[in-house]
Structure formats: C-alpha cells, structure tokens
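Worksheet: one structure, shown below.
Every heavy atom of this structure was used, including side-chain atoms; hydrogens, water molecules and symmetry mates were not. Reminder, nothing fancy here: chain letters follow the sequence lines and each chain counts from 1.
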Amino acid sequence: MKPPRYWLFKSEPSVFSIDRLAKMKKAPWDGVRNYQARNFMRDEIKLNDLVLFYHSSVQPAGIAGLARVVKESYPDAGAQDKNSDFYDPKASAKRPIWFMVDVEFVKKFSRLVTLSELKSDPAFKGMMVIRKGVRLSIQPVSKEHFERICGLGS
DNA sequence: GCCAACGTTGGC
DNA sequence: GCCAACGTTGGC
C-alpha cells in the first residue's frame, strides 16, 4: 500500500464543522464545485489519506482537527438533485461531473491552529492555504507541514 | 459588510 | 479562443 497522502479540506463551520463530523463519525464531503478541487477528489485522494479539517470564514480561521478518507471518489448525488443547494443542471447519471469522497472523524485538535499562526511561522512558507489569492477548497499538504500542524494542535 | 482575487460564463 | 462581465470565496 502506498503511504497516505495529506490534504487540507476547507469548510465553513456554519455549513459543516469538525464537531458535526465528530457526531456523525463519517460523512461524505459533498458540494465541491470547482474543477481543480474536483480533480484532486476524483484522481488523487486515496483511501486512508489524512485530512486537515480547516474552518474558513470564521474568526479566527484555522485547522480544527483531523479526518481520514474512508471511501474514494464517487459521484456527488447533490449535483443531480434539483432540491440540493449544489444542484448542477449539467450533471447527469451518465456524466456526473462532480465527485466526492467520504471522510471519518479522527480527532479534534485540543486547540485551533490558526491561519495567522501558519502565516507567522517560517516553517509553513509556501503552504497553499497561506498564499494570497489561493481559495482552492481542497489542497495537497506536504508531510512536513502536516506533521508540524499536528504537533501544534495537540 | 467590504472588497481583492479568483473562476466561470457567454457574446463575439 | 478572447475577454468583459459576472459570481464566489474568504480574510479582514
């Protein structure tokens, strides 16, 4: 088996939070409607990959905990459901367009590792999430950055 | 709530 | 296939 890879998934906690995932234990990561993020989900994200759960659009923003991929990509049903917030009229069973993976709760950090912390620590230089203008909701993370964040969060 | 920076759409 | 207009993201 290939070693697990590392990712950062963004979510607005008012929509979906680490606490919600902790209660649910496992959940589909649905609603991704950006092609670059979709490609990561569909092609790159593999079983047992580890995910930094990032809370965006809150004060302070930051990484709240960890999740693990427990199911590789499959079509995002919401895209084909007129009643879904994520409905896309161009998607169909034949051509689903959008994909999602399932993640399970691993842990909530004992404290939020904030965005400003990441920005002020030279060890995180070059990390996508702190780069200006990068708003991709699914990002690859290096092993080094992943491990350092885990250290800061526990 | 503002707005910069980005992604997508659609007319041509 | 260009690019202006529009919509969205997300930190502040």
When the distance from [atom1] of [X] to [atom2] of [N] is rounded to whole Å, what number comes out?
{"X": "A:Trp98", "N": "B:dG7", "atom1": "CH2", "atom2": "C1'", "value": "10 Å"}
{"X": "A:Leu115", "N": "C:dG10", "atom1": "CG", "atom2": "P", "value": "11 Å"}
{"X": "A:His55", "N": "C:dG11", "atom1": "NE2", "atom2": "C1'", "value": "16 Å"}
{"X": "A:Gln139", "N": "C:dT9", "atom1": "CD", "atom2": "P", "value": "15 Å"}
{"X": "A:Ile130", "N": "C:dT9", "atom1": "CD1", "atom2": "P", "value": "22 Å"}
{"X": "A:Tyr54", "N": "C:dG10", "atom1": "OH", "atom2": "P", "value": "8 Å"}
{"X": "A:Leu8", "N": "C:dG10", "atom1": "CG", "atom2": "C1'", "value": "13 Å"}
{"X": "A:Arg38", "N": "B:dG7", "atom1": "CZ", "atom2": "P", "value": "15 Å"}

Look at the side-chain N and O atoms of A:Lys10 and state whether any lies under 4.0 Å from the OP1 or OP2 oxygen of C:dT9.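 Looking at the OP1 and OP2 atoms of C:dT9, neither is under 4.0 Å from any side-chain N or O of A:Lys10.
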Would you say B:dT9 has OP1 or OP2 under 4.0 Å from some side-chain N or O of A:Lys90?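 Yes, within the criterion.
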SB check A:Asp88 A:Arg33 (cutoff 4.0 Å):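 No salt bridge links A:Asp88 with A:Arg33.
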Determine whether the side chains of A:Asp49 and A:Trp7 contain a donor N or O and an acceptor N or O closer than 3.5 Å.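 A:Asp49 vs A:Trp7: donor-acceptor pair found between side chains.
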Same apolar cluster (I L V M F W Y, side chains within < 4.5 Å links), A:Leu50/A:Leu118: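 As far as the 4.5 Å side-chain criterion goes, A:Leu118 and A:Leu50 are connected within one cluster.
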Looking at C:dC12, B:dA5, B:dG7, which one has an atom nearest to any side-chain atom of A:Gln36?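 My answer, after comparing the listed nucleotides, is B:dG7.
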Between A:Trp98 and A:Tyr87, does the ring centroid distance fall short of 6.0 Å?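 No - the distance between ring centres of A:Trp98 and A:Tyr87 does not fall below the 6.0 Å cut-off.
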